Amino acid sequence: MAEYIKIKDVARYNGQEVTLKGWLYNKRSSGKLRFLLLRDGTEIIQCVVFKGSVSPEVFERATQLTQESSCIITGVVSEDKRSALGYEIQVNDLEIVQIAGEYPISKKEHGVDFLMDHRHLWLRSKKQHALIRIRHEVIRAAREFFDSRDFTLVDTPIFTPNAAEGTTTLFETDYFDQKAYLTQSGQLYGEAAAMAFGNIYCFGPTFRAEKSKTRRHLTEFWMIEPEMAYCDLDQDMDVAEAFVTHLVQSVLKNRRRELEVLERDTSKLENIRPPFPRIHYNEAVEIIKKQNPDFIDGDDFGAADETIISEQFDRPVMVHRYPAEVKAFYMKRDPENANHALAMDMLAPEGYGEIIGGSQREDDYDALLERIREHNLPEKAFAWYLDLRKYGSVPHAGFGLGIERTVAWIAGIRHVRETIPFPRTMTRLYP
RNA sequence: UCCGGCGUAGCUCAAUGGCAGAGCGGGUGGCUGUUAACCACUAGGUUGUAGGUUCGAGUCCUACCGCCGGAGCCA
C-alpha cells in the first residue's frame with residue numbers, strides 16, 4: 001500500500017510509489033500516453049499514464065478524466081528535467097472519485113466579471129492560489145508582529161449602535177427593532193481595551209457603504225488595528241514602519257514562489273526597511289503644488305496627489321499633521337498648531353495609495369466633548385468613550401492597516417478585489 | 001451620485017449600413033514525451049432589452065438594464 005502524500009513533498013519520495021489525491025488541472029494526450037496534471041492544493045505535478053504499463057481499465061479511466069475531475073493516483077515518483085516541478089509520477093493505478101462536468105473556466109483568457117461570477121472555482125487557479133497564500137502570510141506575519149511584542153488581541157464588535165466617525169456611510173441593519181450598524185473601525189473600542197491592557201490590537205472585517213467603484217475599494221475589507229497606551233504620534237509612526245517592514249520581509253522570505261507566479265518585481269520590495277520618510281502635511285503640499293498647481297492648501301489629498309507624493313520615494317512615506325478639519329473628531333490637535341491634527345497616513349509606493357491611517361487620540365475630556373459637539377454627534381452614545389478620559393486618561397495612539405490594499409501592493413496586482421477570497425463590492429454580492 | 005468605456009456562440013473576440021465568423025472550451029477520430037500540446041472532422045446564435053431611422057441594422061439614433069474604472073470618500 002503506497003503512502004498518501006502531498007505533492008509539495010514529492011522530492012522526499014524520489015523512486016518510491018506514492019498515492020496522491022486531488023483534481024485534474026489539465027490533460028494532454030498522445031496516442032498511448034496520457035499526461036495528467038494533478039493538483040492537490042499544495043502543488044501541481046504531471047502524472048504520466050503509459051498504455052503499456054497499466055491495465056486497460058486504468059488507461060480508459062485516464063482517457064475519461066475531464067478538467068477538474070477528482071481522482072486518486074498511485075505511481076512512482078521520478079525525477080525528470082522536462083517537468084516544471086522537477087518530478088513527475090509514473091502512474092500505476094488511477095481511481096476516479098468524480099467525473100467533473102464541463103468546467104466553465106478554460107485555459108484561455110476570461111473577463112473579470114465572468115471570473116468573479118465563478119469565484120468559487122477561480123480560486124483553484126494558480127494566480128489566485130498565489131494571492132491568497134500571500135494574504136495568509138501577511139495576516140500571519142501581522143499577528144506574529146504584535147503577539148511577539150506582547151500586544152493583547154482584543155476583538156471588537158461588528159454590530160455597533162452608532163457611527164464611529166459620523167460622516168461615513170454605514171450599513172444599517174434591523175437589530176430587534178433597533179437600528180444597528182456594521183462597524184467601520186474597531187478603534188474606539190480598541191481605545192477602551194488599551195486603557196485596560198496597555199497595548200492591544202484587533203483584527204476583523206470592517207464595512208463601508210460608500211458607493212466607491214475603484215480598484216482600491218471594497219464594501220467589506222479586513223483591518224488590523226493596534227492601539228497603544230502611553231504612546232505619542234512619533235512612537236505610533238515607529239511602530240507602523242516596523243510593522244510594514246515585517247510584513248514585506250515576511251512575504252519575501254516565506255512566499256517567494258508565489259511572488260514569482262505573480263511576476264512581482266521583488267527588487268522594489270527588498271529596500272522596504274526603516275526609516276520610512278516622514279513628511280509634514282505642509283511639505284507634502286509643497287511637493288504636490290509643483291505638479292498640481294491647482295491644489296488648495298488645507299484640502300485633503302486626492303488619489304492623484306497621493307501618487308505624486310509616493311513617487312518621490314522608494315519606500316512607503318508617512319505624511320503627518322494633516323489639517324484637523326479634514327480628519328476625524330477623535331484626533332488630538334497639534335500643540336504647535338491647533339489647526340493641525342496629530343494624524344498620519346502611510347502611502348504605499350507605486351501608486352497603491354493609503355495603506356495605513358492613524359493618529360494620536362484626544363485624551364482631554366473637555367477637548368473631546370467639544371469635538372463631539374462640533375461634529376453634532378450624539379453625546380449620549382459617546383458617554384462610555386468620554387469615560388475613558390475621565391478615569392485615568394493617558395496619551396495614546398494607534399493606526400489601522402487595510403489588509404487588501406497591503407496585499408495588492410506587496411503582490412503587485414492592480415485591483416484589491418483579487419486579494420480577498422470572496423470580495424464584496426457595490427455590485428458584487430455573489431457568490 | 002457624476003464622468004467615460006463596453007455589452008455578438010459556454011469563454012475571449014472579429015465582422016466598411018449589405019450572406020454572423022475565428023480561436024479556445026465541448027463531442028468524435030488520430031498520434032509513445034506533451035508543456036495554454038498538436039492535426040482532422042463536428043455541434044453550438046432571439047448580436048443585453050424596448051423602441052426608432054433605413055429597401056436593408058450586430059453596425060446609426062433614443063431610453064432603459066448590466067458590467068468595467070475614474071472622481072468624490074476612504075484602508
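Since the structure is predicted, the reported quantities are computational estimates derived from the model, not experimental observations. Letters go in sequence order (proteins before strands), and every chain restarts at 1. Any value given below was found using the heavy atoms of this structure, including those in side chains, with hydrogens, waters and symmetry copies removed.
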How far, in whole Å, is G25(B) from G72(B) if one measures between their P atoms? 44 Å
Partner of G69(B) under the Watson-Crick or G-U wobble criteria, both distances under 3.5 Å, comes out as C3(B)
Could you identify the nucleotide paired to A63(B), looking across every strand shown and requiring Watson-Crick or G-U wobble geometry with both distances under 3.5 Å? U49(B)
Determine whether any donor atom in the side chain of R417(A) lies under 3.5 Å from an acceptor atom in the base of C68(B), or the reverse, and answer yes or no. no
When we call it a touch if two heavy atoms are under 4.0 Å apart, what does R216(A) touch: a base, just sugar-phosphate, or nothing? base
At under 4.0 Å between heavy atoms, what does R428(A) touch on the DNA or RNA strands: base, sugar-phosphate, or nothing? nothing
So, under a plain 3.5 Å distance rule, would you say the side chain of E88(A) forms a donor-acceptor pair with the base of G33(B)? yes
Give a yes/no on whether any side-chain N or O of T427(A) is located under 4.0 angstrom from OP1 or OP2 of C68(B). yes
Checking U34(B), G10(B), C2(B) against the side chain of R28(A) (C-beta onward), the nearest is U34(B)
Going by purine N1 to pyrimidine N3 plus the second Watson-Crick contact, or the G-U wobble pair, all under 3.5 Å, which nucleotide sits opposite G17(B)? none
Complement of A40(B), any strand, by Watson-Crick or G-U distances under 3.5 angstrom: U28(B)
Determine, stepwise, if the pair M346(A) / V244(A) fulfils side chain to side chain contact (heavy atoms under 4.5 Å, CB included). CA-CA 10 Å; M346(A) 186 188 290; V244(A) 170; 3.6 Å; yes
Measure from the ring centre of F221(A) to the centre of the six-membered ring in the base of A75(B), then say whether that distance is under 5.5 Å and the planes meet at under 30°. yes
Sugar-phosphate only, base, or nothing, as touched by T206(A) at under 4.0 Å among non-hydrogen atoms: nothing
Using a strict cut-off of less than 4.0 Å between a Lys/Arg side-chain nitrogen and an Asp/Glu carboxylate oxygen, indicate whether R405(A) and E354(A) qualify as a salt bridge. no
Does the base of C11(B) carry an N or O that pairs as donor and acceptor with the side chain of H110(A) under 3.5 Å? no
Least distance between heavy atoms, I413(A) atom then K127(A) atom: CG2-CE, 4.3 Å
Side chain to side chain donor-acceptor pair (under 3.5 Å) test vs N254(A) passes for just one of H136(A), R133(A), E137(A), namely E137(A)
Could you check whether atom CZ of F171(A) has more than 12 heavy atoms from other residues, nucleotides or ligands sitting under 6.0 Å from it? yes
Residue mapping more 5' on RNA chain B - nearest nucleotide basis, M346(A) or V48(A): V48(A)
Under 3.5 Å donor-acceptor pair, S212(A) side-chain atoms to G72(B) base atoms: yes
Pairing partner (Watson-Crick or G-U wobble, both distances under 3.5 angstrom) of A75(B): none
Contact class for Q67(A) vs. all strands (heavy atom < 4.0 Å): base, sugar-phosphate, or nothing? nothing
